[in-house]
Amino acid sequence: MNTSELETLIRTILSEQLASANVKSSTGVHGVFATPGEAIDAAHQAFQRYQQCPLKTRSAIISAMRSELASHLAMLAEESASETGMGNKEDKLLKNKAALDNTPGIEDLTTTALTGDGGMVLFEYSPFGVIGSVAPSTNPTETIINNSISMLAAGNSIYFSPHPGAKNVSLKLISMIEDIAFRSTGIHNLAVTVNEPTFEATQLMMAHPKIALLAITGGPGIVMMGLKSGKKVVGAGAGNPPCIVDETADIVKAAEDIINGASFDYNLPCIAEKSLIVVESVTDRLMQQMQLFGAVQITGKDVDKLRAVCVIDGLANKKLVGKSPVTILRTADLPIPAKIPRLLIAEVKGDDPLVICEQLMPVLPVVRVKDFDAALTLALQVEQGLHHTAIMHSQNVSRLNFAARTLQTSIFVKNGPSYAGIGVGGEGFTTFTIATPTGEGTTSARTFARSRRCVLTNGFSIR
Ligand code: NAD
């Protein structure tokens, strides 16, 4: 046996011994524990061992996730749609694939160095510890895949608080990730959760001293709860993305992009077009073109019927969130066309509840405005300072630039469907955690890492 073979053998034996010791100390099964306290303690022990591993160990987990989860994505998409009763399995599969294939790994953690007569300064990204990650019901599996890759790449372990409404599929996925991480590292409990992920469990998690960082992906209530915890929070909150179309836009392309974006997963993504603000000279043409691409226009008194079922007391009717256009038409007691519609559109005023409320339904209110200035003014009101997402179709570069600068959204998509802003059919990496109120924007591994400075005095400058 040569030296290299001997080294491999010793490594294998050590890894097996560590693994079996870890199994014995673990009370959770496949990362699922009875209480948040037990789960967080186990994840903290896992972090302490993971912290000593080389970067290639982190890469090994991510490579294994990318290859081993691929064949399960369709099942996860189907179970996610059926358990939550929201969205559709085809689009959920696309979202799962984007999360798995296009979330950056350790390459996101770039090191920078300063050198001079006084020596050398290194700035490096290092882990926080155990991250408490709250996932929404609207994107359950894609958020867990995306956050797992980002957070494990940054060297953390993770306690997940999945949405109770997506409990079964989330627990199944977290267990799969924990198994993959264990097989790649010999460390158990790098990804954990509890068997009953209740709101109370989330509250306990947020108060737990061993949670080093909170990453909260959800509506305003849960993000606010995290912000009150006293911990550092990466808060990915609600949005209400307006889409502006001016008279210079390529109307055919705009119509197709808007339908694709606003109908994607029945409008569940927080980045999806939630209202359309169109300069009056092209409004009719755009709406006609959208109908050619599969939209159905609701008019007259039928708009009142549609509004009455979609928005109740100023809030989205939870029973219709993420439902298909046919279900929404049926609930509103409106006729169902022979050709299955992809999106419902209705012309309304700028202050209509359909415009102001984040509906998360394939219902797109259309507002006709005098000119670009009026469109931008209304878009600012509709976005409500959430700093989330806006979309604009125009060939006028100055206007595109001015709108992006004025709206100050974390994502601004020019001449494309909204999902191009999260790396689906557009340039850039994918994320399903867009940190809006706290300002980190489209998150990746470096968002979940601490920036640290390491100084060597009087050395290592070779200039
Ligand atoms: P939600 O706020 O109902 O739930 C989000 C998570 O918070 C869930 O895990 C839920 O269990 C938990 N939660 C909610 N209220 C809680 C409470 N009082 N105590 C403890 N835990 C609580 O959101 P949802 O309906 O699942 O998701 C839709 C919302 O999330 C939309 O507003 C959408 O815009 C937003 N969202 C934002 C992003 C982003 O990246 N910015 C991504 C996805 C969804």
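For ligands, and for the atoms within them, numbers begin at 1 and follow the listed sequence. Starting from 1, each residue takes its place in the sequence as its number.
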Which residue and atom name correspond to the protein heavy atom nearest [atom], and how close is it?
atom	value
atom 38 (C) of ligand 1	Cys270 SG, 3.2 Å
atom 22 (C) of ligand 1	Ile222 CD1, 3.1 Å
atom 35 (C) of ligand 1	Gly218 O, 3.3 Å

Q. With Thr141, which of Asn96, Asn146, Leu100 fulfils side chain to side chain contact (heavy atoms under 4.5 Å, CB included)?
A.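 Testing each of Asn96, Asn146, Leu100 against Thr141, the sole residue satisfying side chain to side chain contact (heavy atoms under 4.5 Å, CB included) is Asn96.
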Q) Looking at Asp302, Val296, Val303, which one forms a side chain to side chain contact (heavy atoms under 4.5 Å, CB included) with Leu334? A)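 The option that passes is Asp302.
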Residue-level breakdown please: for [X] versus ligand 1, do any non-hydrogen atoms fall below 4.0 Å on the side chain, on the backbone, on both, or on neither?
X	answer
Pro197	neither
Thr433	backbone
Ala435	neither
Gln203	neither
Pro269	neither
Asn139	side chain

Option set [options], criterion heavy-atom distance to [atom], minimum:
atom	options	result
atom 4 (O) of ligand 1	His163, Glu142, Met224	His163
atom 19 (N) of ligand 1	Lys274, Met225, Lys318	Met225
atom 37 (C) of ligand 1	Gly235, Gly237, Ala215, Pro136	Gly237

Q. Under 4.0 Å between a Lys/Arg side-chain N and an Asp/Glu carboxylate O for Asp352 and Lys349?
A.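 Not counted as a salt bridge, because no side-chain N and carboxylate O are separated by less than 4.0 Å.
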Q | Lys/Arg-Asp/Glu bridge criterion (N-O < 4.0 Å) met for Lys274, Glu358 | A |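 Between Glu358 and Lys274 there is no salt bridge, as every charged N stays at least 4.0 Å from the carboxylate O atoms.
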Q: Check whether any N or O atom of Ile434, backbone or side chain, sits under 3.5 Å from an N or O atom of ligand 1, and answer yes or no.
A: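 Looking only at distances, the answer is yes, because the N/O contact criterion of under 3.5 Å is met.
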Q.
With respect to Ser137, determine whether any N or O atom, backbone or side chain, lies less than 3.5 Å from an N or O atom of ligand 1.
A.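 For ligand 1, there is an N or O atom that lies under 3.5 Å from one belonging to Ser137.
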Q. Does one side chain, of Asp250 or His393, offer a donor that lies under 3.5 Å from an acceptor on the other?
A.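 No, His393 and Asp250 have no side-chain donor paired with an acceptor closer than 3.5 Å.
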(Q) Let me confirm one number: the OG1-CD distance from Thr198 to Gln203, rounded to the nearest 0.5 Å. (A)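 So the OG1 of Thr198 and the CD of Gln203 are separated by 8.5 Å.
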Q: Would you please classify the geometry between the Tyr419 ring and the Phe264 ring as parallel, tilted or perpendicular, with 30° and 60° separating the classes?
A: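 Tilted: the ring planes of Phe264 and Tyr419 meet at 30° to 60°.
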(Q) The test is side chain to side chain contact (heavy atoms under 4.5 Å, CB included); show your working for Leu152 and Arg58 and say whether it passes. (A) CA-CA 7 Å; Leu152 290 170; Arg58 302 188 200 172; over 6 Å; no
